[in-house]
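Worksheet: the structure to be examined is printed underneath.
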Amino acid sequence: MAARMVVVSRTAEANNALAAALRGTGVDVIELQGPVHALLLDDDTALAERCGAAGDVVIHRKAPAWPLASNLLRPARTVKIGTGAHSVDVGGTSWIVIAGPCAVETPEQTARITDAVVAGGAHALRGGAFKPRTSPYSFQGLGRAGLELLAQARTKTGRPVVTEVVSPADVDAVANSADCLQVGARNMQNFALLKAVGETRVPVLLKRGFGTTVDELLGSAEHIMAAGNDQVILCERGIRTFEVSTRFTLDVAAIAWLKQRSNLPVIVDPSHAAGDPKMVAPLTLAGLAAGADGIIVEVHDAPHEAKSDGHQALGVDGFTALLASMKAMAPAFGRTLERP
Ligand code: PEP
Ligand code: MN
């Protein structure tokens, strides 16, 4: 059962009366910035009546454990990545495309692929500098040198950059080179890392752990938001099931579920879910049809030479074809691929 919680607006006129009603009740009070006229209370009739009498508020009697991430108190909204002419709003009418290699490998590879995906229509760039790998003998990423390559790609293309951070110690360095901090599936419940990215004001792309529930995903988003950063984008990237024909099982239902309950944008990662370039387009279109606000997709100009995840990367032609399908489908969903 969720902790008994109340959210009170800092600016609502009813605050004083509500504060009096709540005094001595032991209820956790979380303050939001904007005017909020709703309270979340776990099933407590007496308290609900006291609060109802004290203020002009909507009382929700089933409090989720993630009040800040929930849409009970705050309607769905957008999260802006980047600044200036090429910034993008994730969660609006545009489907956002974040594309690039799994990992940045060399200056030439980074420049070639980022130029190609921008030419193909990507709104933002991806590429890992810090790579969490299953084997210690696999390519671990270029680390801080990779951040430098991403910063150069950002300067050259003007496009915002999304990249993973795996350690609280690197958060500041990553935030200086990128526009969005990715917390990967393997770190979704690394609470020290969630707190560290929560203490920045940089948008966070929070990927669902492959062995976690959507409730736990929102619990992790709540950790970031409770630390002070409400710029969180959720990502469904597949979970582990008994099915082994795909690398993971894309949980399409999770996308619709999250869109119905959370105020946060949700994107889909078809690359890690599929583990196969041939499955990337169908999973992309399924995720978008379920309500996703965009995609994060791996693209490589020489997939067989990639140092990580080349087996699942789209080639440049495949990426161009994917965007054409998305463009064809967008009007049916009231969406567009135009830059927001
Ligand atoms: C990645 O984006 O390259 C990655 C490692 O993703 P995930 O954390 O979803 O496995
Ligand atoms: Mn990858």
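Numbers here simply count residues along the sequence, with the first being 1. Every number for a ligand or one of its atoms is a count from 1 in the order of the listing. Keep in mind that what you see is a predicted model, and the values were worked out from it rather than measured.
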Quiz item: Arg126 heavy atoms, cut-off 4.0 Å: which ligand 1 atoms fall inside?
Solution: 1 (C), 2 (O), 3 (O)
Quiz item: With a 4.0 Å cut-off on heavy atoms, is Arg208 touching ligand 1?
Solution: no
Quiz item: Where is the nearest protein heavy atom to atom 4 (C) of ligand 1: which residue, which atom, and how far?
Solution: His272 NE2, 3.4 Å
Practice problem: Specify the protein heavy atom at minimum distance from atom 9 (O) of ligand 1: its residue, its atom name, and the distance to 0.1 Å. | Solution: Arg237 NE, 2.7 Å
Exercise. Take His272 and Ile296, measure what side chain to side chain contact (heavy atoms under 4.5 Å, CB included) needs, and give me the verdict at the end.
Key: CA-CA 10 Å; His272 291 87; Ile296 181 164; over 6 Å; no
Practice problem: Return the residue, atom name and 0.1 Å-rounded distance of the protein heavy atom closest to atom 6 (O) of ligand 1. | Solution: Lys207 NZ, 3.0 Å
Exercise. Would you please say whether a donor-acceptor pair under 3.5 Å links the side chains of Asp251 and Trp257?
Key: no
Self-check item: Protein residue, atom and distance nearest to atom 8 (O) of ligand 1, heavy-atom basis
Solution: Ala185 N, 2.7 Å
Quiz item: Looking at Asp309, which of its N, O or S atoms is the nearest one to the Mn ion (ligand 2)?
Solution: OD2
Quiz prompt | atom 3 (O) of ligand 1 [closest protein heavy-atom partner, distance rounded to 0.1 Å] | solution = Lys131 NZ, 2.8 Å
Quiz prompt | Residue Cys102 vicinity, atoms of ligand 1 by number, heavy atom under 4.0 Å | solution = 3 (O)
Quiz item: Should you measure from each heavy atom of Gly184, which atoms of ligand 1 turn up under 4.0 Å away?
Solution: 8 (O)
Quiz item: Between Arg247 and Gln312, does any side-chain donor sit less than 3.5 Å from a side-chain acceptor?
Solution: yes
Self-check item: Short side-chain donor-acceptor distance under 3.5 Å, Glu243 and Thr241
Solution: no
Quiz item: Are side-chain heavy atoms of Met329 and Leu288 found at a separation under 4.5 Å?
Solution: yes
Quiz item: Would you say Val162 and Asp179 make side-chain contact, with heavy atoms under 4.5 Å?
Solution: no
Self-check item: side chain to side chain donor-acceptor pair (under 3.5 Å) assessment of Asn263 paired with Arg74
Solution: CA-CA 6 Å; Asn263 63 58; Arg74 191 173 178 186; 5.2 Å; no
Quiz prompt | Check: Ser70 side chain, Trp66 main-chain N or O, donor-acceptor pair, under 3.5 Å | solution = no
Practice problem: Give the atom name of whichever N/O/S atom in Glu298 sits closest to the Mn ion (ligand 2). | Solution: OE2
